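Have a look at the structure below, then the notes.
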Protein chains: 2
Amino acid sequence: MATIYDIAKRAGVSIATVSRVLQKSSKVKPETYAKVLHAMQELNYTPSAIAQRLANKEITSSTFGILIPDISNLFFIEILRGIYDTIRLQENNILLFSITPQSRATVFDRVQKENLQGLFVISFPLLPEEQDVFRQFFSPLIFLENIQPGYPSLFINNYKGGELAAEYLLSHHPSSIGLIGEKGSPFPQIERFIGFKEYIQKRHPLPLYEEYLTIDAHFPYESYTEMAREATIKLYAQYGVKHFFFYSDVLAYGGIKAQKDIPEKIIMIGYDDIPTSSAFHLTTIHQPGYELGKKGAELMLSLIKNPSPTPPPRLCLEPTLIVRD
Amino acid sequence: MATIYDIAKRAGVSIATVSRVLQKSSKVKPETYAKVLHAMQELNYTPSAIAQRLANKEITSSTFGILIPDISNLFFIEILRGIYDTIRLQENNILLFSITPQSRATVFDRVQKENLQGLFVISFPLLPEEQDVFRQFFSPLIFLENIQPGYPSLFINNYKGGELAAEYLLSHHPSSIGLIGEKGSPFPQIERFIGFKEYIQKRHPLPLYEEYLTIDAHFPYESYTEMAREATIKLYAQYGVKHFFFYSDVLAYGGIKAQKDIPEKIIMIGYDDIPTSSAFHLTTIHQPGYELGKKGAELMLSLIKNPSPTPPPRLCLEPTLIVRD
DNA sequence: CTGAAAGCGCTTACAG
DNA sequence: CTGAAAGCGCTTACAG
């Protein structure tokens with residue numbers, strides 16, 4: 001790679017002059033300017049961003065990092081959008097790190113080497129041995145959709161989401177309710193069901209039939225919904241269940257399909273409010289993913305101005321009921 | 001910010017020793033090592049990644065950039081995933097730039113300052129005045145979902161996608177066909193319809209009724225599908241149309257909804273194959289977005305080893321028909 | 001095991 | 001308008 005010295009020699013000037021041309025300084029005689037420009041083109045010169053930053057004393061990189069567990073999860077994409085729309089207004093860059101269980105260690109390593117201006121960690125509980133890595137991270141660190149003790153955290157009230165779903169179903173006078181979920185769900189999902197069940201217990205105890213499906217994250221949606229469809233039909237056939245709460249909208253789509261094979265009208269509610277759900281008039285609980293990202297980004301920007309307030313701020317966002325039927 | 005000099009002074013050693021501790025070099029006496037480490041902690045020291053890179057002569061930043069028009073578009077997310085899965089294996093970072101018409105200029109400016117190892121431009125025709133900016137970009141540059149003359153480009157055969165849709169509908173012996181699209185679509189979308197119409201003309205000319213909806217990108221899906229639903233019902237009522245080709249799966253969802261109000265069975269096909277379409281058994285044309293990203297990333301990695309072959313490579317990926325009914 | 005010194009590729013007062 | 005020189009914060013042979 002050509003450097004400023006090569007250009008200077010080629011153009012017969014000093015490196016100071018070359019640098020001035022680089023800065024588009026007007027204090028360079030037009031002929032000199034042209035000569036330097038010409039030399040740059042001949043040598044295919046690109047200035048080193050790194051050297052420029054060092055010389056300019058740009059200490060922080062004006063780049064934010066985002067650690068995201070799964071790029072294809074629509075909810076995470078919503079969070080990402082919220083962060084993006086807010087950060088972008090500030091003219092900063094975003095480095096995206098997608099993490100798999102296998103790549104955790106190497107990714108954390110790279111994150112550290114980046115001198116980021118700040119880091120968002122989305123839905124990602126830290127393992128004990130990883131705590132140390134992040135303790136050495138001195139830029140602001142914000143956890144989203146996950147409470148990390150000792151760090152600023154933003155999360156959604158999943159318990160409340162479950163309660164809202166229960167309230168909705170109860171208003172339709174069910175004699176029993178079917179719960180259709182996923183085996184081995186992470187805690188936030190489980191909380192929805194806890195909120196749901198406790199609300200039912202308190203207000204109007206009635207039989208709850210639970211079905212937990214075994215789902216592989218790499219299945220196409222079709223198999224999710226097919227399993228949910230079968231579970232719905234089964235609960236109706238066995239126990240006459242006509243009211244359903246689904247762990248997620250995708251599972252609820254299985255309920256929509258099941259309706260065809262069930263003579264009576266089914267009342268159902270999903271969870272997430274992914275974009276397609278509006279198309280199919282699915283009543284569901286809206287997760288404020290975009291808002292979560294937006295609030296997180298705003299908090300980040302304020303932390304940069306005024307670092308580490310104690311105790312670390314926590315913000316809880318409320319889900320909302322979207323009735324579509 | 002503390003520098004290596006501050007640490008050296010505090011610990012009573014030379015900067016060379018501090019640097020050795022930073023490198024975790026074993027050639028440092030344990031007591032000295034501990035002293036330096038202690039000083040670092042006291043001063044909250046973080047090494048400057050920029051200075052390290054300059055000293056290490058890391059010229060390229062091991063970071064790839066991705067220019068993406070719209071983070072919330074699922075098809076782009078698919079491409080992103082394809083790129084990500086491939087690039088990540090190589091331990092590189094990804095800088096994400098989301099672009100809006102207003103931010104084009106500033107984003108391009110920032111992209112240039114990054115000394116990226118390579119840049120992916122997704123679905124983004126360059127304006128004439130922008131060509132120059134990219135001509136000064138000497139790392140490999142790949143255009144995805146968009147043919148940019150003079151640059152490596154990967155794209156999908158939209159014409160073929162239209163033909164496949166036509167072939168499918170013709171196999172159901174239609175007497176007329178409804179086309180439901182979007183007003184002011186970009187060229188790739190239009191190509192689908194061209195391929196479709198030409199195929200019909202050639203094989204089995206019959207009446208085509210076209211409806212172009214006026215859609216705002218910020219509408220919720222619901223209004224897309226509602227408009228498509230009405231258009232479907234209208235074409236059935238006015239002309240008895242029972243076979244439909246929709247510009248996109250989201251529009252086709254409107255067709256699915258319209259079925260309820262139409263006494264006869266409707267045959268329809270969408271375009272995109274977004275994940276939820278499998279849940280609703282929508283027959284559609286699959287766009288190989290993930291593969292596009294994957295092939296693009298592979299091409300990128302090979303261009304880095306062996307820059308600018310002439311002519312710039314072009315790769316066309318074929319869509320496939322997914323029959324689900 | 002440790003330090004003095006040169007170098008990474010740039011910027012920018014300062015002097016002319 | 002231009003050049004010599006110091007400096008940005010590190011690394012790393014070299015000598016001891």
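The sequence lines fix the lettering, A, B, ..., with proteins before strands; numbering per chain opens at 1. Since we're looking at a predicted model, the values are computed, not measured.
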CD1 on I68(A) to CZ on F97(A), rounded to 0.5 Å: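 If I round to the nearest 0.5 Å, the distance is 12.5 Å.
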Distance check, rounded to the nearest 0.5 Å: L37(B) atom CG versus T32(B) atom OG1? 12.0 Å
Distance in angstrom units between [X] [atom1] and [N] [atom2], rounded:
{"X": "N56(B)", "N": "dG9(D)", "atom1": "CG", "atom2": "C1'", "value": "12 Å"}
{"X": "I4(A)", "N": "dA4(D)", "atom1": "CD1", "atom2": "P", "value": "14 Å"}
{"X": "D6(A)", "N": "dG9(C)", "atom1": "CG", "atom2": "P", "value": "9 Å"}
{"X": "K57(B)", "N": "dG7(C)", "atom1": "NZ", "atom2": "C1'", "value": "7 Å"}
{"X": "L54(B)", "N": "dT11(C)", "atom1": "CG", "atom2": "P", "value": "12 Å"}
{"X": "M40(B)", "N": "dG9(D)", "atom1": "CE", "atom2": "P", "value": "15 Å"}
{"X": "Q52(B)", "N": "dC10(C)", "atom1": "CD", "atom2": "P", "value": "19 Å"}
{"X": "I50(B)", "N": "dT11(C)", "atom1": "CD1", "atom2": "C1'", "value": "14 Å"}

The nucleotide from dG7(D), dG9(D), dT2(C) with an atom nearest the side chain of V28(B) is dT2(C)
Expected output: side-chain S153(A) to main-chain R314(A) donor-acceptor under 3.5 Å: no
Is a donor on one side and an acceptor on the other found under 3.5 Å between the side chain of D85(B) and the backbone of G82(B)? no
Take R81(B) and E78(B), measure what salt bridge (charged side-chain N to carboxylate O under 4.0 Å, His left out) needs, and give me the verdict at the end. CA-CA 5 Å; R81(B) 275 187 51 227; E78(B) 279 300 290; 3.0 Å; yes
After noting the C-alpha distance and the side-chain angles of L95(B) and T63(A), does the key distance pass the side-chain contact (heavy atoms from CB on, under 4.5 Å) rule? CA-CA 9 Å; L95(B) 252 182; T63(A) 297; 4.2 Å; yes
Contiguous Watson-Crick or G-U pair runs (3 or more, under 3.5 Å) in DNA chain C: C:1-3 with D:14-16, C:5-12 with D:5-12, C:14-16 with D:1-3
Taking the side chain as C-beta and beyond, is there a heavy-atom pair between I79(B) and E145(B) under 4.5 Å? yes
Counting only heavy atoms not in K295(B) (residues, nucleotides, ligands), do more than 12 fall under 6.0 Å from its NZ? no
Taking only side-chain N and O atoms of T32(A), does any of them lie within less than 4.0 angstrom of OP1 or OP2 on dC1(D)?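 Answer is no, no contact under 4.0 Å.
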When you check the phosphate oxygens OP1 and OP2 of dG7(C), does a side-chain N or O of Y5(A) lie under 4.0 Å from one of them? no
Would you measure the distance from the C1' atom in dT12(C) across to the matching atom in dG16(C) and give it in whole Å?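 It comes out at 16 Å once rounded to the nearest Å.
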Which heavy atom in Y45(B) sits nearest to a heavy atom in I4(B), and how many Å separate them? CE1-N, 3.9 Å
Among residues 11-23 of chain B, which residues get a heavy atom nearer than 4.0 Å to DNA chain D? I15(B), A16(B), S19(B), R20(B), L22(B), Q23(B)
